[in-house]
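We count ligands from 1, going down the list as the structure has it; atoms in each ligand are counted the same way. Position 1 is the first residue of the sequence, and the numbers go up from there.
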Amino acid sequence: MEKKLIKLTINGRVRELSVKPNDLLLNVLRNDLHLMGTKYGCGIGECGACTVLVDGQTALACLILAITVEGQEITTIEGMGDHVQLHPLQESFIEHGAVQCGFCTPGMLLAGEALLKENPCPNEEEIREYLRGNLCRCTGYAAIVKAIKSEAKCLSVNTGTSSE
Ligand code: FES
Ligand code: FES
């Protein structure tokens, strides 16, 4: 199959790549760009390990053809933070013990980040619902939910009553 030259914007950087029309974004990220933080789990859209953000929305890289996201902003876990400067949500995951084997963690973090952008003050039910497509076999989810909840920015309700 003939390759085509495309430009992908990944973590704010434009990368020029030669891809086949049927190359999956997941394989391009991992094999061509060596961005190994995006995990290969099931390969059929069921585990969420390959979650990335496309224009800020969660997307499963194992189901997307790389040529279809040309011109869109792709964020992988490498664009969220690194070991020198962790993203606050990454710090929160560590603080709450939300990382065990770590296989689901990149996808969970990106999904958590997308949720907090969309809904800065989600309740536990909303967090669990948003993470429905991201499976974790280690943590039982409670620590992950707490880690995301602790990064929520909730406005305190002013009741209008005064004690003076
Ligand atoms: Fe993509 Fe499981 S590897 S959803
Ligand atoms: Fe192991 Fe989630 S920490 S799968």
Side-chain angles (χ1 to χ4, degrees), residues 1 6 8-11 15 17 19-119 122-152:
M1 208 175 281
I6 63 166
L8 293 181
T9 307
I10 299 173
N11 301 328
R15 315 286 296 257
L17 295 151
V19 301
K20 288 195 280 221
N22 63 349
D23 276 341
L24 293 168
L25 179 61
L26 177 59
N27 295 336
V28 169
L29 291 173
R30 289 179 60 85
N31 303 339
D32 298 334
L33 298 171
H34 310 293
L35 294 169
M36 307 301 273
T38 309
K39 301 299 180 204
Y40 179 95
C42 64
I44 53 170
E46 290 188 349
C47 73
C50 65
T51 300
V52 295
L53 303 183
V54 176
D55 288 342
Q57 305 283 312
T58 55
L60 298 173
C62 74
L63 298 184
I64 296 174
L65 295 175
I67 54 167
T68 64
V69 286
E70 197 172 7
Q72 290 176 280
E73 287 283 338
I74 298 153
T75 307
T76 69
I77 192 64
E78 289 85 355
M80 200 169 167
D82 59 33
H83 62 288
V84 180
Q85 183 73 58
L86 288 177
H87 185 283
L89 194 55
Q90 290 175 311
E91 283 177 358
S92 181
F93 266 52
I94 294 168
E95 219 170 277
H96 289 85
V99 183
Q100 287 188 27
C101 80
F103 198 78
C104 71
T105 309
M108 289 288 185
L109 283 163
L110 289 165
E113 168 71 352
L115 166 62
L116 291 172
K117 283 245 162 69
E118 209 175 281
N119 174 6
N123 61 32
E124 179 172 339
E125 203 185 324
E126 288 166 331
I127 296 172
R128 286 184 183 272
E129 174 61 24
Y130 203 89
L131 297 181
R132 210 158 32 98
N134 292 76
L135 305 184
C136 176
R137 63 187 171 186
C138 309
T139 65
Y141 302 96
I144 292 172
V145 172
K146 266 192 205 149
I148 294 173
K149 184 80 189 127
S150 84
E151 284 305 300

**OP:** Using a cut-off of strictly less than 2.8 Å, determine whether Cys136 has an N/O/S atom near atom 1 (Fe) of ligand 2.
**Re:**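 It does not: Cys136 brings no N, O or S atom closer than 2.8 Å to atom 1 (Fe) of ligand 2.
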Original post:
Does Cys104 bring an N, O or S atom to within less than 2.8 Å of atom 1 (Fe) of ligand 2?
Top reply: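 It does not: Cys104 brings no N, O or S atom closer than 2.8 Å to atom 1 (Fe) of ligand 2.
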**OP:** Check each atom of ligand 2 against the heavy atoms of Cys138 and keep those under 4.0 Å away; list them by number with element.
**Re:**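 Going through ligand 2 atom by atom, the ones under 4.0 Å from Cys138 are 1 (Fe), 3 (S), 4 (S).
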Subject >> Contact atoms of ligand 2, heavy-atom distance to Gly102 under 4.0 Å >> reply: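 Counting from 1, the qualifying ligand atoms are 1 (Fe), 3 (S).
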Sub-4.5 Å side-chain heavy-atom contact between [X] and [Y]:
X	Y	value
Leu8	Leu25	yes
Arg30	Lys39	yes
Leu89	Met80	yes
Phe93	Glu151	no
Ile148	Leu116	yes
Leu109	His87	no

Subject >> Lys/Arg-Asp/Glu bridge criterion (N-O < 4.0 Å) met for Glu125, Arg128 >> reply: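 Answer for the salt bridge query: no.
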Original post:
To the nearest 0.1 Å, how far is atom 4 (S) of ligand 2 from its closest protein heavy atom, and which atom is that?
Top reply: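 Looking only at protein heavy atoms, the one closest to atom 4 (S) of ligand 2 is Arg137 N, 3.3 Å.
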**OP:** Take atom 1 (Fe) of ligand 1 and tell me which protein N, O or S atoms are nearer than 2.8 Å.
**Re:**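 Within the sphere that stays under 2.8 Å of atom 1 (Fe) of ligand 1, the protein atoms of type N, O or S are Cys50 SG, Cys62 SG.
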**OP:** From the options Thr58, Thr76, Asn134, select the one residue that forms a side chain to side chain donor-acceptor pair (under 3.5 Å) with Thr51.
**Re:**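 Among the candidates, only Asn134 passes.
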